[in-house]
Asks: 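Could you have a look at this structure, given as structure tokens, before my questions?
These values consider heavy atoms only, across backbone and side chains, with no hydrogens, waters or symmetry-generated copies.
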Amino acid sequence: RYRYIDKATNFNLSCYVQVGQCSNAVPTEAEVYWRTVLPDSPLPDPILKLLHPETSSVKKPKDDTVAEAYSLTWLMWGLRSRSGPTKHSSPRPSSKDETVAEAYSLTWLMWGLRSLSGPKKHSSPGPSHDRDHSADEYLARGLFFHEEAVQVGKTMTLYFPLAASAPLGLLPRHVADSIPFSASSLPTALARLGVANNSVQAANMEETLYMCDLPPKAGEAKFCATSLEALVEGTMAALGTRNVRPMASDLPRSGAPKQPYAVRAVHPVDGSSFVSCHDHNYPYTVYMCHNTPATRAYMVEMEGAHSGLAVTVAAICHTDTSHWDAEHFSFKVLGTKPGDGPICHYLPYGHNVWVKKEANRSSSS
């Protein structure tokens, strides 16, 4: 992990684990770091809330209600390779709160752009969970769209689940760095965080660690960040410059029902390579980031046909799909196949895409 050594403040991990928060009225060290390194970029609201989880108004997901939100990331990642998790590819216990659960499925759906299979081997005991793909198809139909739809006057049907995030939020860097973070050290991490070995939470952690341990593919920049500083520094390294800026969708944290959205304005983002970061299922926030070559990005202003809800989504359009998994849901729901043309998806609440600052002049169309 990218490290920024800070010994100025001594946080007590137990306050995070036991009560899920450590109130602090003054800016956190991570906020000070952001202002120093990215003075011209406002801290996105979803990240700010993760730095202050005690102020969050969205209820924290329980072990049996977290699977759905992360499925979007699984779907988005899975298009990128033909290998990946199998045994625990998405812990999906029956949900007591479907709205919270759906939010986490977005992560797994976006990961699905990278692979439909999954980890072949696991280092620690954990319950085996078979994935319910019927729910994935419903989510996929509200996630993916053709690039032709990104035009003023066009309509696309989208679904925005309730936001769900790690109960402990973004830990201070030196706290996160003190917790072992690898598949081989999972037992130690479970003990440190007070997570039972055979719990759903343990299986979720195992899956995330396996994904983070996967080596990058040829030409790929991939990393996992467990703190805000690691997120920023990893992105700078992946883009090869310190002049970077984050972009994120402006969506309601409470979610919105699936409905047609009319495109009111389109703002293309200059550049062809970006770094996308998706949060994964872990007790504290873990971002899994990867570069996205052969990509076009847009900020799209839309209005809901039924509710009148105004949203702005960061839309990512992958222009080369020739090497994607032919069985992925995006091809199924859009009626296409690898190499047919660009496939687009929006970034859910809390996910972010990073661009080179000098290539971030956008225009309307």
Asks: Restricting to non-hydrogen atoms, name the atom on Tyr284 and the atom on Thr226 that form the minimum distance, rounded to 0.1 Å.
Replies: CE1-CB, 4.0 Å
Asks: SG/Cys317 to NE2/His345 distance, rounded to the nearest 0.5 angstrom?
Replies: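 If I round to the nearest 0.5 Å, the distance is 8.5 Å.
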Asks: Taking Thr295 for the side chain and Pro293 for the main chain, is one N or O donor matched with an acceptor at less than 3.5 Å?
Replies: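 A pair under 3.5 Å: yes.
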Asks: Tell me, with the steps shown, if Phe181 and Tyr282 meet ring pair (Phe, Tyr, Trp, His ring centres under 6.0 Å).
Replies: CA-CA 11 Å; Phe181 191 81; Tyr282 216 70; 5.5 Å; yes
Asks: Using every non-hydrogen atom in the two residues, find where Leu309 and Ala256 come nearest and quote the distance to one decimal.
Replies: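 Heavy atoms only, the tightest pair is CD2-CB, 3.6 Å.
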Asks: Output, in order, the C-alpha distance, side-chain angles, deciding distance and verdict of side chain to side chain contact (heavy atoms under 4.5 Å, CB included) for Leu43 and Leu228.
Replies: CA-CA 11 Å; Leu43 188 61; Leu228 183 64; 4.3 Å; yes
Asks: Locate the shortest heavy-atom distance separating Asn197 from Ala202; write the atom from each residue and the value.
Replies: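 Asn197 and Ala202 have their closest heavy atoms at O-CB, 3.2 Å.
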Asks: Got Val150 and Arg296 here, is their nearest side-chain heavy-atom distance under 4.5 Å?
Replies: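 A side-chain contact is absent here, since even the closest heavy-atom pair is not under 4.5 Å.
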Asks: Under 3.5 Å, is there a donor on one side chain and an acceptor on the other for Ser182 and Ser185?
Replies: yes
Asks: Would you say the side chain of Pro161 lies within less than 4.5 Å of the side chain of Pro348, judging by non-hydrogen atoms?
Replies: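 A side-chain contact is absent here, since even the closest heavy-atom pair is not under 4.5 Å.
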Asks: Please round to the nearest 0.5 Å and tell me the distance separating atom CD of Glu229 and atom CG of Asp177.
Replies: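 These two atoms lie 8.5 Å from each other.
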Asks: With a 4.5 Å heavy-atom cut-off, do Phe274 and Met247 have their side chains touching?
Replies: no
Asks: Go through the steps for Phe144 and Phe329 under the test ring pair (Phe, Tyr, Trp, His ring centres under 6.0 Å), then give the verdict.
Replies: CA-CA 9 Å; Phe144 298 109; Phe329 278 109; 8.8 Å; no
Asks: For Leu162 and Ser254, which heavy atoms make the closest approach, and how far apart are they?
Replies: CD1-CA, 3.6 Å
Asks: Give me the atom names and distance for the closest heavy-atom approach of Pro187 to Ser184.
Replies: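 What the structure gives for the nearest pair is CD-O, 4.0 Å.
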Asks: Between Thr241, Asp40, Asn243, which is the residue that forms a side-chain hydrogen bond (donor to acceptor under 3.5 Å, both in side chains) with Lys357?
Replies: Asp40
Asks: Whether the side chain of Thr285 engages the backbone of Ala166 through a donor-acceptor N/O pair (distance < 3.5 Å, no angle test) should be reported.
Replies: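 Looks like no, no N/O pair under 3.5 Å.
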Asks: Under 6.0 Å between ring centres: does that hold for Phe145 and Tyr261?
Replies: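 Phe145 vs Tyr261: aromatic centres not under 6.0 Å.
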Asks: For the atom pair CD (Glu303) and OG1 (Thr312), what is the distance rounded to the nearest 0.5 Å?
Replies: 11.5 Å
Asks: Within the 4.5 Å heavy-atom criterion, are Pro257 and His306 side-chain neighbours or not?
Replies: no
Asks: What distance do Ile179 atom CD1 and His174 atom NE2 have between them, rounded to the nearest 0.5 Å?
Replies: 10.5 Å
Asks: Count I, L, V, M, F, W, Y as connected when their side-chain heavy atoms are under 4.5 Å apart, and connections chain through other members. Are Val32 and Leu171 then in the same cluster?
Replies: no
Asks: If you measure from the Lys or Arg side-chain nitrogens to the Asp or Glu carboxylate oxygens, is any gap between Asp45 and Arg253 under 4.0 Å?
Replies: no
Asks: Apply side chain to side chain contact (heavy atoms under 4.5 Å, CB included) to the pair His146 and Met156, showing each step before the final yes or no.
Replies: CA-CA 9 Å; His146 293 291; Met156 63 182 81; over 6 Å; no
Asks: Using a 4.5 Å cut-off on heavy atoms from C-beta on, say whether the side chain of Glu207 contacts that of Asn281.
Replies: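 Not in contact.
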Asks: Is a side-chain donor or acceptor of Ser199 paired with a backbone partner of Ala196 at a separation under 3.5 angstrom?
Replies: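 Between the backbone of Ala196 and the side chain of Ser199 there is a qualifying donor-acceptor contact (under 3.5 Å).
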Asks: If I take atom CH2 from residue Trp354 and atom CG from residue Leu239, how far apart are they, to the nearest 0.5 angstrom?
Replies: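 If I round to the nearest 0.5 Å, the distance is 9.5 Å.
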Asks: Is the NZ atom of Lys332 crowded by more than 12 outside heavy atoms at less than 6.0 Å?
Replies: no
Asks: Using only the SG atoms, establish whether Cys212 and Cys224 come within less than 2.5 Å of one another.
Replies: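 Taking the criterion (SG atoms under 2.5 Å apart), Cys224 and Cys212 satisfy it, so yes.
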Asks: Report the C-alpha distance between Tyr287 and Asn352 in whole Å, list the side-chain angles of each, state the deciding distance to 0.1 Å, and finish with yes or no for side chain to side chain contact (heavy atoms under 4.5 Å, CB included).
Replies: CA-CA 10 Å; Tyr287 287 107; Asn352 47 80; 3.7 Å; yes
Asks: Are the side chains of Leu193 and Gln201 in touch, meaning some heavy atoms are under 4.5 Å apart?
Replies: no
Asks: Does anything in residues 149-158 pair up under side-chain hydrogen bond (donor to acceptor under 3.5 Å, both in side chains), and if so which pairs, sequence neighbours excluded?
Replies: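 Matches after skipping sequence neighbours: none remain.
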Asks: Could you check whether any side-chain heavy atom of Asp250 comes within less than 4.5 Å of a side-chain heavy atom of Glu301, counting everything from C-beta outward?
Replies: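 Answer no - side chains too far apart.
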Asks: Does any non-hydrogen side-chain atom of Phe331 lie less than 4.5 Å from one of Ile343?
Replies: yes
Asks: So Cys289 and Leu231, side chain to side chain contact (heavy atoms under 4.5 Å, CB included) or not? Walk me through it.
Replies: CA-CA 8 Å; Cys289 303; Leu231 174 66; 3.6 Å; yes
Asks: Looking only at non-hydrogen atoms, find the nearest pair between Arg192 and Ser178 and report the distance.
Replies: NH1-O, 3.0 Å
Asks: If you measure from CE on Met205 to CG on Leu186, what distance do you get to the nearest 0.5 Å?
Replies: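 Interatomic distance, Met205 CE to Leu186 CG, rounded to 0.5 Å: 5.5 Å.
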Asks: Using modelled atom types only, decide if a donor and an acceptor are shared between the side chain of Ser249 and the backbone of Leu251 within a distance under 3.5 Å.
Replies: no
